[in-house]
Amino acid sequence: DAAFDKTKRRFAWLLRTMKDFQHRYDSIFPSEWNLRPMIAYEFCRQTKLHLDEMLSNQHLNPIDVSVIIDILQHTIDFEMDLHQTFTHNK
């Protein structure tokens, strides 16, 4: 369950990092390079692999269903935040 709980912190970390990146580097890198969406994509890809691994190993370490539901809701909220970020910054 502790690894799943860290997922919330991962999402918060990316959102903070994206804001920091925007303030520090948006004026340096051309927008055509789409660095922020690429960073977010790679973060999401790695997070998916990590969550897949945890779910695949749950027979070794059972996960409370309420924790899974909580992480699912946070994931949906995170996806909506990313969607808003990248659709409003086009």
Side-chain angles (χ1 to χ4, degrees):
D1 292 354
F4 272 105
D5 289 336
K6 290 180 184 177
T7 304
K8 295 177 199 175
R9 290 179 31 212
R10 274 178 112 139
F11 294 157
W13 174 86
L14 180 67
L15 294 176
R16 281 191 315 273
T17 301
M18 297 296 282
K19 286 180 184 176
D20 184 50
F21 186 91
Q22 181 178 14
H23 292 297
R24 289 181 184 212
Y25 303 111
D26 266 7
S27 63
I28 297 172
F29 296 106
S31 60
E32 296 81 22
W33 289 9
N34 293 317
L35 289 179
R36 290 176 52 234
M38 289 173 50
I39 292 167
Y41 173 81
E42 184 59 26
F43 172 88
C44 291
R45 193 181 72 75
Q46 290 294 325
T47 300
K48 177 200 178 298
L49 293 173
H50 185 236
L51 292 172
D52 283 348
E53 180 181 332
M54 287 190 296
L55 288 171
S56 296
N57 293 327
Q58 80 168 349
H59 64 282
L60 301 172
N61 186 14
I63 304 163
D64 184 1
V65 173
S66 64
V67 172
I68 294 172
I69 292 170
D70 186 49
I71 294 302
L72 178 60
Q73 184 59 55
H74 276 79
T75 302
I76 291 167
D77 294 343
F78 175 73
E79 288 174 350
M80 289 192 307
D81 287 344
L82 283 181
H83 177 73
Q84 285 183 322
T85 296
F86 294 124
T87 56
H88 287 108
N89 288 331
K90 287 188 173 183

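One is the number of the first residue; the rest follow in order along the sequence.
- Listed by first and then second residue, the salt bridge (charged side-chain N to carboxylate O under 4.0 Å, His left out) pairs that reach into residues 24-35 are Asp20-Arg24, sequence neighbours excluded.
- Considering all non-hydrogen atoms of both residues, Phe86 and Ala40 come closest at CE1-CB, 3.7 Å.
- Identified under the salt bridge (charged side-chain N to carboxylate O under 4.0 Å, His left out) test for residues 37-51, with sequence neighbours left out: Glu42-Arg45, Lys48-Asp52.
- Under the rule for a side-chain contact (heavy atoms from CB on, under 4.5 Å), the partners of Arg9 that lie at least two apart in sequence or sit in another chain are Lys6.
- The structure places CG of Leu35 at 11.5 Å from OH of Tyr25, a figure rounded to the nearest 0.5 Å.
- Qualifying side-chain contact (heavy atoms from CB on, under 4.5 Å) partners for Ile68, counting only residues two or more places apart in sequence or in other chains: Leu55, Gln58, Ile63.
- Distance check, rounded to the nearest 0.5 Å: CG of Leu14 to CZ of Arg16 gives 9.5 Å.
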Can you list the steps and then say if His50 with Thr47 is a side-chain contact (heavy atoms from CB on, under 4.5 Å)?
CA-CA 5 Å; His50 185 236; Thr47 300; 5.5 Å; no

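- Nearest approach of Arg36 to Met18, heavy atoms of both residues: O-CE, 3.0 Å.
- Not counting sequence neighbours, Tyr41 has no partner by the ring-ring contact (aromatic ring centres under 6.0 Å, His included) test.
- Minimum interatomic distance between Leu82 and Cys44 (heavy atoms only, all atoms of both residues): CD1-SG, 3.7 Å.
- The structure places CG of Leu51 at 10.5 Å from CG of Leu72, a figure rounded to the nearest 0.5 Å.
- Interatomic distance, CD1 of Ile76 versus CD1 of Ile71, reported as 11.5 Å (0.5 Å rounding).
- Remark: Phe78 pairs with Phe11, Phe43 by the ring-ring contact (aromatic ring centres under 6.0 Å, His included) rule, at least two apart or across chains.
- Rounding to the nearest 0.5 angstrom, the gap separating the OG1 atom in Thr75 from the NZ atom in Lys8 is 10.5 Å.
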